[in-house]
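Below: one structure, written as structure tokens.
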Amino acid sequence: MIDHIAQEHLHTGPAALYTQVQQFYAHQVRLLDDLRAEEFAATFTADGVLVSSPVAAAAHGRPAIAAALRAAHERRFGTEPVRRRHWHTMLHVETRPDGALSTRYYRLVLITRPWDPAPVMGPSAVVEDVLVHEGGRLLTRERRVTPDHLSF
């Protein structure tokens with residue numbers, strides 16, 4: 001859902017803004033799933049912040065975001081071959097007083113291994129982002145991920 005202020009701020013209708021945000025996430029999540037860490041980090045502002053869990057240290061800046069992504073993958077899977085798919089749903093977009101966009105959506109991760117055609121459901125979470133326009137494109141200024149099992 002997109003609020004009225006967001007669509008007026010960006011001089012676009014709700015469908016066009018929603019499509020723009022969805023396209024941004026489609027590109028970003030493909031980089032995440034393919035573990036293209038530097039390219040994924042480049043979808044954040046230079047001073048972007050990623051908090052992947054309330055119990056994890058925040059990664060500040062693109063190099064730290066890329067390093068955190070690689071470290072998390074290695075911690076969880078080591079050298080095991082896996083294919084991860086992040087599914088985002090229930091996207092909501094609002095305009096902040098500073099003109100940035102606040103988004104909130106649900107995330108579910110599916111993990112597939114080459115020897116098992118049935119994916120394993122990984123963690124589900126709520127993701128809250130602050131998106132900004134820089135140089136004619138959307139970038140993530142801040143991302144906070146709250147896994148459901150830590151939200152009680």
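If you read the sequence from its start, that first residue is 1, and numbering goes on from there. Just so you know, these numbers use all the heavy atoms, side chains as well, and skip hydrogens, waters and symmetry mates.
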Hey, what do you get for [atom1] ([X]) to [atom2] ([Y]), rounding to the nearest 0.5 Å?
X	Y	atom1	atom2	answer
Glu142	Ser102	CD	OG	9.0 Å
Arg85	Trp87	CZ	CH2	8.5 Å
Arg62	Glu39	CZ	CD	12.5 Å
Phe44	Asp129	CZ	CG	6.5 Å

Quiz item: Are Tyr25 and Leu32 connected in a single hydrophobic cluster, I mean Ile/Leu/Val/Met/Phe/Trp/Tyr linked by side-chain heavy atoms less than 4.5 Å apart?
Solution: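 No; Tyr25 is not reachable from Leu32 via cluster members.
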Quiz item: Can you find a side-chain donor-acceptor pair between His86 and Asp33 that sits under 3.5 Å?
Solution: yes
Where [X] and [Y] come nearest, the two heavy atoms and their spacing:
X	Y	result
Arg76	Pro123	NH1-CD, 3.6 Å
Leu108	Gly122	CD1-O, 4.0 Å
Val49	Ala58	CG1-CB, 4.1 Å
Pro119	Pro117	CD-O, 3.4 Å
Leu91	Val93	CG-CG2, 4.0 Å
Phe24	Leu131	CE2-CD2, 3.7 Å

Can you check whether [X] reaches [Y] side chain to side chain, under 4.5 Å on heavy atoms?
X	Y	answer
Arg113	Val120	yes
Asp34	Arg30	yes
Thr43	Leu31	yes
Tyr105	His88	yes
Arg107	Val145	yes
Arg104	Val127	no
Pro54	Thr146	yes

Practice problem: Quick one: name the residues clustered hydrophobically with Leu150, using the 4.5 Å side-chain heavy-atom rule over I, L, V, M, F, W, Y, and just say none if it's on its own. | Solution: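 Besides Leu150, the hydrophobic cluster comprises Val55, listed by chain and residue number.
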Quiz item: What's the verdict on side-chain contact (heavy atoms from CB on, under 4.5 Å) for His133 and Gln20, showing C-alpha distance, side-chain angles and the deciding distance?
Solution: CA-CA 11 Å; His133 277 91; Gln20 181 184 22; 3.1 Å; yes
Self-check item: Glu128 and Arg143 ion-paired at < 4.0 Å
Solution: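 Judged by the 4.0 Å cut-off on N to carboxylate O distance, Glu128 and Arg143 do not form a salt bridge.
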Quiz item: Between Arg141 and Asp98, is there a side-chain N and carboxylate O pair less than 4.0 Å apart?
Solution: yes
Quiz item: After noting the C-alpha distance and the side-chain angles of Glu94 and Arg96, does the key distance pass the salt bridge (charged side-chain N to carboxylate O under 4.0 Å, His left out) rule?
Solution: CA-CA 7 Å; Glu94 291 183 352; Arg96 295 167 46 108; over 6 Å; no
Quiz prompt | Criterion side-chain contact (heavy atoms from CB on, under 4.5 Å) on Leu101 and Val132, from CA distance to verdict | solution = CA-CA 6 Å; Leu101 300 175; Val132 295; over 6 Å; no
Self-check item: side-chain contact (heavy atoms from CB on, under 4.5 Å) between Ile111 and Phe77, worked out
Solution: CA-CA 10 Å; Ile111 303 161; Phe77 302 111; 3.9 Å; yes
Practice problem: Might you work through the side-chain hydrogen bond (donor to acceptor under 3.5 Å, both in side chains) test for Tyr106 and Asp148, ending with a clear yes or no? | Solution: CA-CA 10 Å; Tyr106 299 148; Asp148 288 341; over 6 Å; no
Quiz prompt | Thr140/Val130 under side-chain contact (heavy atoms from CB on, under 4.5 Å): CA gap, chis, key distance, verdict | solution = CA-CA 6 Å; Thr140 304; Val130 177; over 6 Å; no
Name the atoms and distances for all side-chain donor-acceptor pairs under 3.5 Å in residues 65-75, with sequence neighbours left out.
| residue | atom | partner | partner atom | Å |
| --- | --- | --- | --- | --- |
| Arg70 | NH1 | Glu38 | OE2 | 2.4 |

